[in-house]
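Written below as structure tokens is the structure these notes are about.
Just so we're clear, the structure is a prediction, and the values are computed from it rather than from any experiment. Chain letters run A, B, ... following the sequence lines, proteins first and then strands; every chain starts at 1.
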Amino acid sequence: MKGKKVKMPEQDPKKRVNNFKEVTLGYTEEEAIKEANRCLQCKNPLCMQGCPVEVDIPDFIALVAEGEFEKAAQKIKEKNNLPAVCGRVCPQEEQCERKCIVGIKNEAVAIGRLERFVADYARGKEEIEVIGNQDKGKVAIIGAGPAGLTAAADLAKMGYEVTIFEAFHEAGGVLTYGIPEFRLPKDIVKDEIEKIEKLGVEIKYNHVVGKIKGLEELFEEEYKAVFIGTGAGLPRFLGIEGENLNGVYSANEFLTRVNLMKAYRFPEYKTPVHTGEKVAVVGAGNVAMDAARTALRLGAKESIIVYRRGEDEMPARVEEIDHAKEEGIRFELLNNPTEILGDKEGFVKGIKCIRMELGEADDSGRRRPVPIEGSEWIMEVDTVIMAIGQRPNPILLKDAQDIETTKWGTIDACDESGETSKEGVFAGGDTVTGAATVIEAMGAGKRAARAIDDYIKNLRK
Amino acid sequence: MYRVLEKEVLALKITRLKVDAPKVASKAEPGHFLIVRVDEKGERIPLTIADYDREEGSITIIIQEVGFSSEQICNLEVGDEFLDLVGPLGEPIKTGGYNKVVCVAGGLGAAPLYPKVKSLHKGGAEIITILGARNEELLILEGDFERLSSSLYVTTDDGSKGHKGFVTDILKQVLEEEDVDMVVAIGPMIMMKFVSQLTKEYGVKTIVSLNSLMIDGTGMCGGCRVTVGGDTKFSCVDGPAFDGHLVDYDEQLRRQNFYSKHEQEVKDHVFGGEGCRVNEG
Ligand SMILES: Cc1cc2nc3c(=O)[nH]c(=O)nc-3n(C[C@H](O)[C@H](O)[C@H](O)COP(=O)(O)OP(=O)(O)OC[C@H]3O[C@@H](n4cnc5c(N)ncnc54)[C@H](O)[C@@H]3O)c2cc1C
Ligand SMILES: Cc1cc2nc3c(=O)[nH]c(=O)nc-3n(C[C@H](O)[C@H](O)[C@H](O)COP(=O)(O)OP(=O)(O)OC[C@H]3O[C@@H](n4cnc5c(N)ncnc54)[C@H](O)[C@@H]3O)c2cc1C
Ligand code: SF4
Ligand code: SF4
Ligand code: FES
């Protein structure tokens with residue numbers, strides 16, 4: 001029994017490419033209890049070291065094993081405000097589960113799946129937390145992604161009056177506009193956000209800070225501290241010929257049209273998305289997998305991942321790569337696009353690629369891809385989606401020149417506290433680290449909340 | 001919030017709305033735009049801030065019906081509200097320090113041009129305005145421009161008012177006769193292209209304003225990208241105003257047509273659209 005994780009039921013790949021419903025279906029109560037019993041309840045639980053927000057993993061798993069699901073949910077909530085989200089999208093195999101003792105000889109305990117089970121079980125059953133007066137002063141949060149939401153929730157619980165300013169008409173950041181419905185249902189994200197609002201957090205939508213309001217004005221309005229959690233939303237392109245042809249999208253544009261603007265329900269929802277018959281997605285991270293799988297669901301006859309390194313170097317989660325393969329995504333690895341070709345009207349008709357081979361390891365420890373001379377070939381496609389990474393959006397920083405940034409355009413902030421070079425201004429999440437993970441963004445939000453509390457207490461002295 | 005305070009139909013399918021949006025009004029500058037959404041299922045539609053009144057806390061937009069969403073906006077009545085309104089977005093343009101400026105509008109381009117002219121005028125510049133339209137019925141804001149301009153020319157394609165022909169005919173004449181330090185041209189892409197070609201011959205600085213396809217308007221999607229002087233720029237954050245001599249107009253013309261055929265699908269409300277597999281959920 002200690003050998004393998006209890007399997008989680010999934011929608012049949014043939015069926016699921018025809019819908020946007022969730023791919024994985026979650027444990028039943030019996031399955032959850034069975035999996036919980038695989039945990040050794042270590043005295044020194046290494047798994048917790050792997051979790052950026054230090055969820056009390058053995059304790060919540062013990063409660064699951066006893067069938068005390070609601071109590072297990074409360075236990076997780078002490079540390080993690082978005083368990084239904086993390087249980088689904090955390091790269092657990094690189095975090096908590098990677099450190100799990102059971103994982104040394106067998107498959108690690110399925111901590112993520114259990115977390116998801118517990119959060120789903122408790123959905124709608126939880127009592128709203130009653131919190132004390134929010135009289136410790138006003139704090140402003142910029143950006144309603146996982147970093148901002150976490151900082152907001154923690155600060156509200158500590159007794160601060162928290163306002164989040166969000167550029168979009170919906171909260172959630174990447175959880176809402178980036179990660180597709182079939183991986184993270186939007187009603188779950190909405191639920192989690194509502195719970196945070198019930199803690200007394202106010203979210204002001206359609207507020208692009210740096211445009212409608214500057215940082216300085218926030219301090220004039222008596223906010224005592226500001227947390228910046230604006231993410232890494234600026235898409236990167238390769239800088240090759242043909243990138244502005246019709247049919248070339250950034251993954252952000254493609255996914256935003258589909259997720260936030262619900263283009264998959266076009267024309268009921270009015271924002272269109274043009275998918276094409278043969279779609280190439282450049283890149284091999286989670287974003288690329290999401291774009292490729294979304295394209296397939298929207299009717300592409302073929303959806304292809306084009307990546308300049310090899311199978312082992314793909315940065316996406318293993319589970320996502322497996323799901324993509326099951327659904328029939330084609331992988332063209334060790335291929336680097338050198339030009340996008342267009343027809344007379346300026347629509348994409350193909351990509352010119354050069355084949356690559358792996359050379360010496362580079363600084364990151366990954367083997368560096370080198371082009372094979374004379375190996376260019378043309379892949380016929382009518383849509384190209386660029387998923388090669390994002391950088392922080394400079395709108396806010398244009399208005400706040402006194403906040404120091406790194407040469408990558410990320411905010412230079414202390415890892416432990418989120419402090420920036422500007423007094424009273426803290427930052428965390430993708431805007432500091434560059435594109436990373438949901439749970440790391442939440443961890444940063446959490447640490448910053450603590451630091452902000454200390455900072456404001458000291459102000460009063 | 002975002003309530004329609006006043007409505008006026010300016011011309012066939014062109015409507016002016018004054019909207020309650022005090023915070024946006026307090027920050028608006030010439031060159032800024034905003035993005036609105038009428039209802040839950042609506043698109044995010046970019047529109048220029050055609051005028052603003054900080055004291056009243058209102059902004060004015062002028063919309064031309066060209067498709068589903070713009071028609072929806074034109075159908076709003078006094079008292080109705082926008083679901084979302086975000087702004088001000090984009091980079092404002094510099095309007096001080098000019099002596100003589102020629103302002104050229106093509107059709108609805110008069111709307112985004114107006115706040116710039118107002119501000120240039122206030123900044124001490126003498127304004128020469130050239131308003132072009134397909135015919136007399138489509139001419140808008142003539143009176144408003146007249147008040148700010150030392151001379152105003154009208155051109156129509158069919159000759160129903162003013163000069164019969166294109167704005168560039170008049171512009172050439174003005175450039176020959178006057179010592180102009182800047183031209184601001186806003187209108188259809190093709191008009192801005194020809195205006196820029198002409199002013200380049202005369203070596204006169206030219207500002208145009210692009211209406212690229214947009215979604216977020218904050219630099220996040222890259223859908224609004226445009227090649228300016230060989231570099232890729234994002235219209236929503238780097239523009240929408242750019243140096244007219246550097247814009248790749250042909251690329252913009254092409255990109256604008258990307259979604260044209262989908263418009264018909266919205267109108268016809270056919271489900272799915274081009275082979276979409278999704279049949280449930
Ligand atoms: C397609 C996709 C798939 C991913 N899959 C995974 C996954 O499976 N697992 C995982 O762990 N991670 C995944 N990630 C990464 C993860 O989503 C991010 O690391 C995380 O969301 C970062 O959180 P954040 O709060 O820093 O920023 P974001 O989630 O980017 O949120 C930032 C928010 O700030 C708002 N904002 C920006 N500028 C302003 C401004 N000036 N004023 C007001 N508001 C502003 C934005 O609109 C946004 O709502 C994925 C990312 C993408 C794009
Ligand atoms: C910065 C900016 C400022 C703008 N200011 C104004 C304004 O002040 N008043 C105004 O009426 N319009 C303005 N526009 C254009 C306006 O956003 C479009 O007319 C609107 O999006 C069309 O939506 P629709 O659903 O009605 O038409 P659609 O159904 O989307 O399209 C109908 C037709 O219009 C074309 N079209 C679609 N979007 C645009 C666009 N962004 N620009 C040009 N043609 C387009 C389509 O290709 C199609 O042929 C502006 C656009 C931008 C980017
Ligand atoms: S939050 Fe993520 S890393 Fe932490 S225990 Fe849960 S699944 Fe693991
Ligand atoms: S390390 Fe593994 S076995 Fe030990 S407590 Fe954590 S989950 Fe359980
Ligand atoms: S509209 Fe998305 S980047 Fe400009």
Problem set entry | No-hydrogen, no-angle side-chain donor-acceptor test under 3.5 Å, B:Q72 and B:D39 | yes
Exercise. Does a sphere of radius 6.0 Å around CD in B:E81 hold more than 12 heavy atoms from other residues, nucleotides or ligands, not counting ones at 6.0 Å or beyond?
Worked result: yes
Exercise. Is chain A contacted by the side chain of B:L85, its backbone, both, or neither, given a heavy-atom distance below 4.5 Å?
Worked result: backbone
For this session: Mind listing the closest non-hydrogen atom pair of A:T383 and A:V348 along with its distance?
Result: N-CG1, 4.3 Å
For this session: List the atom of B:I49, the atom of B:P88, and the distance in Å for their closest heavy-atom pair.
Result: CD1-CB, 4.2 Å
Problem set entry | When A:E217, A:M386, A:E181 are compared by non-hydrogen pairs under 4.5 Å with chain B, the top option | A:E217
Exercise. Quick one: of A:N244, A:T256, A:L255, A:I212, who has the most non-hydrogen atom pairs under 4.5 Å with chain B?
Worked result: A:N244
For this session: Residue by residue, scan residues 16-27 of chain B and write down, ordered by number, those that have a heavy-atom distance under 4.5 Å to chain A; if none do, write 'none'.
Result: B:K23, B:V24, B:K27
For this session: May I ask you to name which of B:T218, B:V237, B:D248 has the most heavy-atom pairs under 4.5 Å with chain A?
Result: B:T218
Exercise. By side chain to side chain contact (heavy atoms under 4.5 Å, CB included), which residues pair with A:A280, not counting sequence neighbours?
Worked result: A:V306, A:I351, A:M379, A:V381
Exercise. Pick from A:S250, A:G233, A:P235: which one has the most heavy-atom pairs with chain B under 4.5 Å?
Worked result: A:P235
For this session: Can you label the angle between the A:Y223 ring and the A:F165 ring as parallel, tilted or perpendicular, going by 30° and 60°?
Result: perpendicular
For this session: Using distance alone, with no hydrogens and no angle criterion, decide if A:T176 and A:E170 have a side-chain donor and acceptor under 3.5 Å apart.
Result: no
For this session: Heavy-atom distances under 4.5 Å only: say whether A:Y177 touches chain B with side chain, backbone, both or neither.
Result: side chain
Exercise. Does some side-chain heavy atom of A:V279 sit less than 4.5 Å from a side-chain heavy atom of A:V281?
Worked result: yes
For this session: Would you mind checking which part of A:F347 comes under 4.5 Å of any heavy atom in chain B, side chain (CB onward), backbone (N, CA, C, O), both or neither?
Result: side chain
Seminar exercise, completed: Under 4.5 Å to a heavy atom of chain B? For A:E243 that would be backbone
Problem set entry | Taking every non-hydrogen atom, the tightest pair across A:G210 and A:L396 | N-CD1, 4.3 Å
Seminar exercise, completed: Looking only at B:D84, B:I35, B:L89, most heavy-atom pairs under 4.5 Å shared with chain A are made by B:D84
Exercise. Above 12 or not: heavy atoms from other molecules or residues under 6.0 Å from NZ of B:K13?
Worked result: no
